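In what follows, every heavy atom counts, from backbone to side chain, and hydrogens, waters and symmetry copies are set aside. The chains referred to below are lettered A, B, ... by the order of the sequence lines, with proteins before strands, and numbering in each begins at 1. Worth saying up front: this structure is predicted, and the values here are computed from it rather than measured.
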Amino acid sequence: MAKNITPREEDYSQWYLDVIKAAELADYAPVRGCMVIRPNGYSLWEMIQKHFDEAFKDTGHVNAYFPLLIPNSFLEKEADHVEGFAPECAVVTHAGGEELEEPLVVRPTSETVIGHMYSKWVQSWRDLPVLINQWCNVMRWEKRSRLFLRTSEFLWQEGHTAHATKEEAMEETLKMLEVYRKIMEEMLALPVITGEKSEGERFPGADNTFTCEAMMTDKKALQAGTSHFLGQNFAKAFDITFQSREGVLEYAWTTSWGVSTRLIGAIIMTHSDNDGLIIPPYVAPVKAVILPLGADESKLAGLYEPKAQELAATLNEILGKRSVKVDTRYHMRPADRFFYHLQRGIPLRIELGEKEYSKESVRLVRRDTGERFDVSWDKAPEVVKETLDAIQANLYRRAKDFREANTHYVESFDEFKKVLEEKGGFIKAYFAGGKEEERAIKEATTATVRCFPLDEEHTRGKCFYTGKEGARLAIFAKAY
RNA sequence: CGGGGCGUAGCGCAGUCUGGUUAGCGCACCUGCUUUGGGAGCAGGGGGUCGAAGGUUCGAAUCCUUUCGCCCCGACCA
């Protein structure tokens with residue numbers, strides 16, 4: 001048992017922080033609410049980025065970069081947007097030793113600057129669609145921060161697209177939601193429920209927001225990514241107009257969608273255990289580490305290590321450059337080296353000592369299950385790959401089973417409160433309420449509507465709260 | 001912004017109430033020896049002026065005033 005990690009059952013949020021610390025993912029910065037993403041955390045982010053970036057490009061998007069600073073007046077052009085974001089904006093009032101004529105806002109999101117630029121770039125229906133993404137940092141001065149889940153500054157990706165028709169924009173919104181789902185599930189091993197946000201949970205300025213909701217191992221919900229259908233709100237605010245085929249001047253239809261470093265928090269709270277971090281193999285910067293073991297230095301240097309290097313080279317060809325490392329820190333005792341990699345979440349440990357060498361084998365130890373078994377040198381590359389696939393599949397399956405075991409259906413508010421208190425987790429219920437009812441439920445229970453799942457889009461029933469017929473199926477939960 | 005906790009060595013803390021020798025302890029770190037397949041043992045060693053400013057006093061980590069910051073819990077949010 002790890003001696004530097006608070007057990008999850010004892011104090012979940014302390015456990016979370018301990019895991020981050022032990023794995024050296026991040027550290028507190030000198031500025032309140034800000035974090036330093038350390039190499040272990042950043043390389044994980046790079047892996048996540050890589051998968052999403054590929055998918056964005058595969059769906060026809062291109063990357064660009066817009067500035068960090070936004071004129072204050074831009075924020076004010078869209079009423080809901082300013083209302084939603086103004087309270088959490090950091091504002092630059094001085095520069096170059098002088099007070100600025102107009103304060104500059106550090107972007108909390110870039111719809112406004114991008115809208116401004118799109119209005120210059122879009123003239124004709126031939127200029128559409130515009131499909132741009134940017135990887136950047138944003139700043140939201142939240143009252144309360146939590147490493148990776150909510151920091152004043154965070155890294156993310158924001159896609160911003162403009163289209164000629166409403167249908168096409170809606171199609172884009174849902175397409176990107178699906179891209180998110182696919183990568184979260186297949187690469188990050190995060191089972192998510194995709195759905196539509198309720199009125200009260202929408203992005204400020206959007207007509208409609210769609211989300212990927214995941215369940216953490218404390219049974220709370222985490223919004224892992226969102227895709228917004230912005231209608232013509234920003235097009236009207238920023239005058240993004242184009243002349244149609246028919247020669248009529250029309251407003252464009254826009255979308256925006258984002259995932260952030262919060263996904264690292266999701267990975268931690270979905271897969272890790274009391275020994276520390278567990279990284280799904282497909283996003284693990286280091287997928288396996290080979291440890292030459294033994295007290296005999298001449299054998300280490302002369303036999304085990306060369307064999308380990310040779311195996312690493314073969315594996316790197318199959319799994320991708322730098323995905324397998326050889327740990328040659330012989331000044332550390334084996335147990336210390338085991339724990340080192342255990343806490344950093346390396347999916348697979350490969351041991352090569354005297355016992356293995358004499359049998360021309362290596363020992364594999366899975367991070368997810370602790371299971372260990374030997375495999376011969378000639379079979380090792382194949383088996384390592386298979387095992388990594390198996391770990392990936394197991395992490396996903398485990399998380400999904402957990403979510404399903406902790407999802408309950410209710411038909412009345414009394415039942416809702418009872419289930420929430422006694423069991424927690426996700427609650428499925430037909431719901432026909434609006435903003436007012438959402439708020440009342442939240443005040444009474446702290447649970448919120450996470451989404452109306454898309455795969456239940458056509459089911460209808462009697463609202464558990466208002467009793468109205470024809471209500472949509474919703475998922476409620478306490479959320480991060 | 002409300003509630004709670006806390007700033008003393010890299011980290012975690014004791015010492016503060018009841019001012020008084022060179023400010024301690026554990027982990028980490030450095031050196032050596034012995035160990036080495038799930039967090040080693042012994043020996044030696046380096047490192048802090050006690051968040052900051054002001055005050056009281058012969059004397060302040062300790063008392064007083066002011067101030068800055070951080071963490072946790074809540075309301076707000078990716």
Side-chain angles (χ1 to χ4, degrees), chain A residues 1-6 11-14 16-18 21-22 24 27-35 83-89 107-109 137-158 180 197 200-204 206 209 211-214 221-228 256-266 275-276 291-297 299-300 304 329-343 349-357 362-363 365 367 370 372 374 439 442-443 446 448 478-480:
Chain A
M1 188 59 48
K3 58 190 179 189
N4 54 347
I5 294 176
T6 307
D11 182 345
Y12 197 86
S13 60
Q14 192 56 51
Y16 175 75
L17 295 168
D18 288 347
K21 194 175 173 189
E24 296 182 345
D27 205 348
Y28 294 104
V31 177
R32 189 199 76 91
C34 292
M35 67 172 166
E83 193 186 324
F85 283 107
E88 55 192 57
C89 283
R107 64 181 163 218
T109 177
N137 58 344
V138 288
M139 182 161 272
R140 298 183 186 176
W141 213 260
E142 306 288 357
K143 304 287 185 201
R144 183 154 143 55
S145 62
R146 221 156 156 10
L147 292 178
F148 290 116
L149 299 179
R150 191 177 302 102
T151 45
S152 302
E153 180 190 10
F154 57 94
L155 304 184
W156 77 346
Q157 133 306 290
E158 46 180 328
Y180 283 170
K197 278 292 184 188
E201 299 275 328
R202 246 174 234 155
F203 175 78
T209 289
T211 179
C212 297
E213 295 287 325
L222 184 76
Q223 180 173 305
T226 47
S227 183
H228 314 292
S256 69
W257 25 275
V259 297
S260 71
T261 36
R262 170 179 267 196
L263 285 171
I264 294 174
D275 284 327
L291 290 92
L293 293 173
D296 186 332
E297 279 181 41
K299 285 184 177 169
L300 275 172
Y304 312 158
R329 297 170 307 165
Y330 306 126
H331 64 278
M332 288 172 75
R333 292 158 56 259
D336 293 324
R337 292 160 77 198
F338 295 163
F339 269 87
Y340 180 91
H341 301 292
L342 192 71
Q343 300 212 312
R349 190 171 79 227
I350 303 174
E351 300 172 4
L352 177 53
E354 190 169 1
K355 288 179 234 162
E356 291 78 15
Y357 194 88
V362 288
R363 163 155 293 196
V365 184
R367 176 64 183 87
R372 46 195 77 186
D374 292 345
R439 194 167 50 198
K442 185 177 181 182
E443 268 171 33
T446 76
T448 50
K478 294 184 182 183
Y480 274 99

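At a threshold of 4.0 angstrom between heavy atoms, the contacts of A:Lys21 are confined to the sugar-phosphate backbone, with no base atom among them. Residue-level contact check: A:Leu342 touches the bases, meaning some heavy atom is under 4.0 Å from a base atom. Within 4.0 Å of A:Gly353, counting heavy atoms only, lies at least one base atom of the nucleic acid. At the heavy-atom level, A:Arg337 lies nowhere under 4.0 Å from the strands shown.
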Could you summarise the pairing of RNA chain B as dot-bracket text, marking Watson-Crick and G-U pairs under 3.5 Å with ( ) or [ ] inside the strand and | across strands? ((((((((.[[[[.)....(...]]]].((((((.....)))))).....[[[[[..)....]]]]])))))))....

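Environment of CD in A:Glu354: sparse, with no more than 12 heavy atoms of neighbouring residues, nucleotides or ligands closer than 6.0 Å. Around the CD atom of A:Glu83, the shell of radius 6.0 Å holds no more than 12 heavy atoms that belong to other residues, nucleotides or ligands.
Residues passing the side-chain contact (heavy atoms from CB on, under 4.5 Å) test with A:Leu155, sequence neighbours excluded: A:Ile37, A:Tyr42, A:Trp45, A:Asn137, A:Thr261. Remark: A:Leu17 engages A:Gln14, A:Tyr28, A:Leu147 in a side-chain contact (heavy atoms from CB on, under 4.5 Å) (not counting sequence neighbours). Looking at residues two or more places apart in sequence or on another chain, you find a side-chain contact (heavy atoms from CB on, under 4.5 Å) between A:Glu201 and A:Lys197, A:Ser198, A:Glu438, A:Thr448, A:Arg450. Residues forming a ring pair (Phe, Tyr, Trp, His ring centres under 6.0 Å) with A:Phe148 (at least two apart in sequence, or on another chain): none.
For B:U56 and B:G46, the C1' atoms lie 37 Å apart once the distance is rounded to whole Å. Taking atom P on both nucleotides, B:U66 is separated from B:C30 by 45 Å, rounded to a whole Å. Nucleotides B:G26 and B:G45 have their P atoms positioned 14 Å apart, rounded to a whole Å. One C1' atom belongs to B:C11, the other to B:U35, and the distance between them is 27 Å to the nearest Å. Going from the P atom of B:C64 to that of B:U16 covers 14 Å, rounded to whole Å. For the P atoms, the distance from B:C58 to B:C42 is 49 Å, rounded to whole Å. Only the C1' atoms considered, B:A28 is 15 Å distant from B:A40, to the nearest whole Å. B:U62 and B:C27 are spaced 26 Å apart, taking the C1' atom of each and rounding to whole Å.
Between A:Leu293 atom CG and B:G38 atom P there is a gap of 10 Å when expressed in whole angstrom units. One atom, NZ of A:Lys355, and another, C1' of B:G38, lie 12 Å apart when rounded to the nearest Å. Residue A:Tyr304 contributes atom OH, which lies 14 Å from atom P of B:G37 at whole-angstrom precision. Going from atom NE2 of A:His331 over to atom C1' of B:A40 covers 15 Å, rounded to whole Å.
Contact annotation: side chain of A:Glu351 to base of B:G38, donor-acceptor pair absent below 3.5 Å. With hydrogens and angles left out, the side chain of A:Arg349 and the base of B:G37 share no donor-acceptor pair within 3.5 Å. For A:Arg333 against B:G38, no side-chain N or O and base N or O form a donor-acceptor pair under 3.5 Å.
In this structure, the aromatic ring of A:Phe339 is positioned over the six-membered ring of the base of B:G39, centres within 5.5 Å and planes within 30°.
Donor-acceptor pairing under 3.5 Å is recorded for the side chains of A:His228 and A:Thr209.
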What string of B, S and - do you get for nucleotides 69-78 of chain B, 5' to 3', if B is base contact, S is sugar-phosphate-only contact and - is no contact with any protein heavy atom under 4.0 Å? -SSSBBBBBB

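A salt bridge does not link A:Lys21 to A:Asp18: none of the charged side-chain nitrogens sits closer than 4.0 Å to a carboxylate oxygen.
The side-chain heavy atoms of A:Trp141 and A:Pro108, taken from C-beta on, include no pair separated by under 4.5 Å.
Because its NZ or CZ atom is both nearer than 6.0 Å to the ring centre of A:Phe338 and within 45° of the ring axis, A:Arg349 counts as a cation-pi partner of that residue.
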